Every structure is written in C-alpha cells, then in structure tokens.
Amino acid sequence: SHFGSSHGSGCPVTVAMAAMGLEATRPAQGSSPWRVFLKAQETSPTLILTHAGVGDEGVLEIANFLTYSKHLLRLDLSGNGISSTGVMHIAKALKVNTLLESLVLRHNLIGEGGDAGIVALCRALIGNRSLRHLDLRHNGLSGALVAKCLGELMQGNSHMTHLELSWNPIDPAGGQVLLDHMCMNTTLFDCQLTGCKIAAETLCRIAELLLRNRKGKGADMQAGPYRGRWTQLDQLQYGMPRQEQQESETSAADFILSQAAKGPRTSRTLTSMVVCGQRTQELIDKLLVWRAARRASAPAENSGWVQELLEHLDRFQTELDHEREECRKVSERTELAITGFNDRERRYRGDIVRAQDKLLEFANEQEDLKVILTKRSQELGLLREANEDMQRCLEGNRERSSAEEARSKNDLATVTADRIELEDHLQHLEQQAANAERENAVLRARAEKIR
C-alpha cells in the first residue's frame, strides 16, 4: 500500500487507515497522503499520531486540519521528527483554533534548527484561551532565549494549567528565568522540570508557587496528569439514575409540603430565625416529642411522614454545613489570592523602584559616557589635525629632499666634468713644461758652447 511503504507496516497511522478501509486508497497526483486520513477524523475529539513519521511536511497538513477543526480537543504528535519549521506551522494554526485543550509534542526535534519554532509557539499561546496542557518533553530546548519565551508564556497565559518541560537542558540560569516569570502566574497547577539541570532550590521555589496556585484555585492538592474533556464525554450522560434521584427528591419535598400544610403554619415565624445546627436539633427534638405524644394518643395514625421530615431536616442541615464549609474555603482561597496579589504588588513596587534607580544610574552613566565621548572626539580631532600637519610637512620635506638631491646630482656632474677638463689641461701644461725644459736644456747647451 502507499501508506505502508511510506511509514512502515507497524505504524499506527497505517493500522488505523487499514481499519477504515483507506489503506489501498492512493491520493491523486500532487495531493498529500495525510489528507484522506485527516478527512476521516473531522469529528473525532482526539488525534493521536505517535511515531508515525509525520515530519515537517505532514505537520503542515495537520496544522491546516487543526486550523478549521471544530471538534479536536487533543493532538498528540510524539516522536515524529518535527523540527522548528514544523512547530511554526502549528503555531500559526493555534492563533486561529479556539478549541484545542491538549497539545503533546514530546520526543521531537524542536530545539534543532534554531529557536524560531519555539518562539513562535510561545507567542501564539500567550493569547490562547483554550489550551490547558502543553507537553514539550525531550525536545532539546536550551538557551536564554528559549527560557525567556517559556517564562513569558507562563506569565502571559492565564488559562494553561499543565506544562511539561522535562529532559530539556534549560540549565540553572534558565531555571531562574522561569522562576521569575512563575511568580506572576496564578493558574499553572503542574510544571514538570525533571532532568532540566535546574538548581534544587529553584525547583523547590517553583513547587511552592504551584502549590499556592492550586490552593488559590481550589484544585486537587496532588499534581497529576491532565485529564481533558474527552475523558469525561461518557460521564456526561447521566441518564435515568440522576433523573430518578431528582424525581425522588421532588416527590419527597412535595410530600413534606403537603404534610406540613396539614399542621399549624409556623413557617412565617421561622423565616426570621437564624438557621443553625442548634436550631435544627431543637426542631428535631420537638418533632420526636410530638411523634411520641401522637403515638401515645393515636397509635393507629401513620406517622411515617414525620420520619421523612426528620431525615430531610438532617440532610438539609448537612448540606447547609457543607455549603458553609465551602464558603469558608472560598473565603480562605480569596484571602490567599488577595495576599498573593498584595505580595506581588509589593514585590512589583520594589522592582519598579529598583528599576527606576537603575535607570537613574544608567542615565548618569550615560551622561558621563557622553562627556567622555565628547572629550575623546575632540582629542581625536586634534590628533587628526596634527597628523594631517605632519603629513603635509612630510610631503614638503620629501619634495625638498628630492629637489636638493637633483640639484646635488647636477652639481656633482658639473664638478666631475670640470675635474676631467682640468686634468686634461694639467696634462697639456705638463707636456708643454717638459717641452720647454727640453728646449731650455738645448739652449743652455748652445750657450755653453758659445762661451
């Protein structure tokens, strides 16, 4: 089959398609092989495609399906090799979808290929009002930007209750970022951070904040897995038992009213009284005494309605005590919430004051730096002018040196020519002197002879 060759014979998607008779269906040329399968899942509240080889291309089709789905409550895409690109498709779909409660993306590759995918997902979920559960375990999420985006998601989303981030190397610094944002969250009940390399003290503080949130919302004190509406669909159909119970309670109430109508009308005197356990016990005691007196005076009279009235008094008093207890718990939760809000307000005010001080320090430092920069700029300008003067002087010296060198070369050539000419003239004069000496010698010899 087409799907079997793409995903393997043991793939859950292939098995599901074979069960629906879709395995032998080959999509038209150019269409996605997931389109036929997703078309058959339009009315299903859950879509589980774990280890189905979906990849980024398949996620695009699933994201389109999620965008327009009116029934999907849970989407599980565990172990499908989804990278940052695929998560960006899901993020776009979540900006439109307003029904999905649970998104499971564990054992994927979201952390590979950059942080754009997790950033887009967190930003899309900040304004989401339907998602309650997000599972990102084993995705290689790490770095300051990832921790910042997850923290902003915690702070900005007021509807998510369960977040699973285990086995992502967030590191201690990232854990501190999560803690800082977690302080401003009041709706998250469970946040799994096992194997994230977060400091133990940070984990304890986050656990305390989660417990505070559960107390404030009156949730179960024991954190546990998320159970969405799809687990309660079968329990919503109560049928006849609840109807019979309501009819029984209605008939009993009608019987009490009919029986009470036979006796003296004392309800007008009781409506102004404070309802409490002591007053109810007094009424029960009076009814018991009255029943004993009636049985003594008229043994044949049926007094079963008195017993039923006693039971209803006891039950209504129990319900009243329960409601008062619930009111007390609501008051305690309200006080806890107000205390938490006041603590956060004081903390925020302190943070604002410290931030303002920091801003003043930064402003003063900025002014000092501006002064230093101005001074350095002036010094740099002076150095540039001095450098330009030196360059001009150097060029002038080079030109003068070149001129002097040329002049010296000309003088040297002239002197050399003069020396050669003088040497020739000297040689000529020496020759003339020798000739004159010879002539003088001849003349002297003649003179001697003449003498």
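Treat the numbers as computed from the prediction; the structure is a model and nothing was measured.
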task = Determine, step by step, whether Arg315 and Glu319 satisfy the salt bridge (charged side-chain N to carboxylate O under 4.0 Å, His left out) criterion, reporting the C-alpha distance in whole Å, the side-chain angles of both residues, the deciding distance to 0.1 Å, and the verdict.
result = CA-CA 6 Å; Arg315 181 164 60 86; Glu319 292 178 358; 3.3 Å; yes
Answer yes or no: is there an ion pair linking [X] with [Y], defined by an N-O contact shorter than 4.0 Å?
| X | Y | result |
| --- | --- | --- |
| Glu437 | Arg444 | yes |
| Lys409 | Glu405 | yes |
| Arg212 | Glu208 | no |
| Arg419 | Glu423 | yes |
| Lys375 | Glu379 | no |
| Arg354 | Asp357 | no |
| Glu152 | Lys148 | yes |
| Lys197 | Asp171 | no |
| Arg74 | Glu101 | no |

Would you mind reporting whether [Y] and [X] have side-chain heavy atoms less than 4.5 Å apart?
| X | Y | result |
| --- | --- | --- |
| Ile62 | Leu75 | yes |
| Glu385 | Leu382 | yes |
| Glu345 | Phe341 | no |
| Leu72 | Ser44 | no |
| Asp190 | Thr161 | no |
| Leu203 | Leu193 | yes |
| His181 | Asn185 | no |
| Leu136 | Leu141 | yes |

Report yes or no: does [X] contribute a side-chain atom to a donor-acceptor pair with the main-chain N or O of [Y] at less than 3.5 Å?
| X | Y | result |
| --- | --- | --- |
| Asn435 | Gln431 | yes |
| Asp56 | Ser83 | yes |
| Asn157 | Leu125 | yes |
| Ser69 | Phe65 | no |
| Arg214 | Phe189 | yes |
| Asn168 | Asn139 | yes |
| Ser130 | Leu100 | yes |
| Asn387 | Leu383 | no |
| Asn108 | Arg106 | yes |
| Thr374 | Lys370 | yes |

ask   = Taking it one step at a time, do Arg384 and Leu380 satisfy side chain to side chain contact (heavy atoms under 4.5 Å, CB included)?
value = CA-CA 6 Å; Arg384 284 177 177 174; Leu380 181 60; 3.6 Å; yes
inquiry  = Given Met154, which partner from the list Val177, Leu209, Leu163, Ile206 fulfils the side-chain contact (heavy atoms from CB on, under 4.5 Å) test?
reply    = Leu163
request  = Check Leu121, Leu134, Asn128, Ile118 against Leu153 for a side-chain contact (heavy atoms from CB on, under 4.5 Å) and give me the one that passes.
outcome  = Leu134
Measure across [X] and [Y] and return the closest heavy-atom pair with its distance rounded to 0.1 Å.
| X | Y | value |
| --- | --- | --- |
| Ser84 | Asp115 | OG-C, 4.4 Å |
| Arg344 | Arg347 | CG-NH2, 2.9 Å |
| Ala63 | Thr67 | O-OG1, 2.7 Å |
| Cys196 | Ser166 | SG-CA, 3.9 Å |

[atom1] of [X] to [atom2] of [Y]: how many Å apart, nearest 0.5 Å?
| X | Y | atom1 | atom2 | result |
| --- | --- | --- | --- | --- |
| Leu210 | Gln192 | CG | CD | 9.0 Å |
| Ser158 | Met184 | OG | CE | 14.0 Å |
| Ile372 | Glu367 | CD1 | CD | 11.5 Å |
| Arg35 | Glu61 | CZ | CD | 4.0 Å |
| His428 | Glu430 | NE2 | CD | 11.5 Å |
| Asn397 | Ser402 | CG | OG | 10.5 Å |

query = Do other residues, nucleotides or ligands put more than 12 heavy atoms under 6.0 Å from Gln427 CD?
reply = no
query = Does atom OH of Tyr68 have more than 12 heavy-atom neighbours, drawn from other residues, nucleotides or ligands, at distances under 6.0 Å?
reply = no
query = Going through the checks in order, is the salt bridge (charged side-chain N to carboxylate O under 4.0 Å, His left out) test met by Arg328 and Glu332?
reply = CA-CA 6 Å; Arg328 184 186 64 79; Glu332 290 181 354; 2.2 Å; yes
key: CA sep, side-chain torsions, deciding dist, call: Asp135, Tyr226, side chain to side chain contact (heavy atoms under 4.5 Å, CB included)   = CA-CA 10 Å; Asp135 190 346; Tyr226 179 74; over 6 Å; no
query = Are Leu373 and Ser377 close enough, and set up right, to give a side chain to side chain contact (heavy atoms under 4.5 Å, CB included), and what steps lead you there?
reply = CA-CA 6 Å; Leu373 179 61; Ser377 299; 4.1 Å; yes
query = Between Trp167 and His138, how do the two ring planes meet: parallel, tilted or perpendicular, split at 30° and 60°?
reply = parallel
Check whether the side chains of [X] and [Y] place a donor and an acceptor atom closer than 3.5 Å, and report yes or no.
| X | Y | answer |
| --- | --- | --- |
| Glu164 | His133 | yes |
| Asp76 | Thr50 | no |
| His425 | Glu421 | no |
| Asn410 | Ser408 | no |
| Gln366 | Asn364 | no |
| Gln176 | Asp180 | yes |

ask   = After noting the C-alpha distance and the side-chain angles of Leu178 and Leu150, does the key distance pass the side chain to side chain contact (heavy atoms under 4.5 Å, CB included) rule?
value = CA-CA 7 Å; Leu178 295 181; Leu150 291 172; 3.8 Å; yes
query = Does the pair Thr186 and Asn213 meet the rule for a side-chain hydrogen bond (donor to acceptor under 3.5 Å, both in side chains), with working shown?
reply = CA-CA 5 Å; Thr186 60; Asn213 292 349; 5.6 Å; no
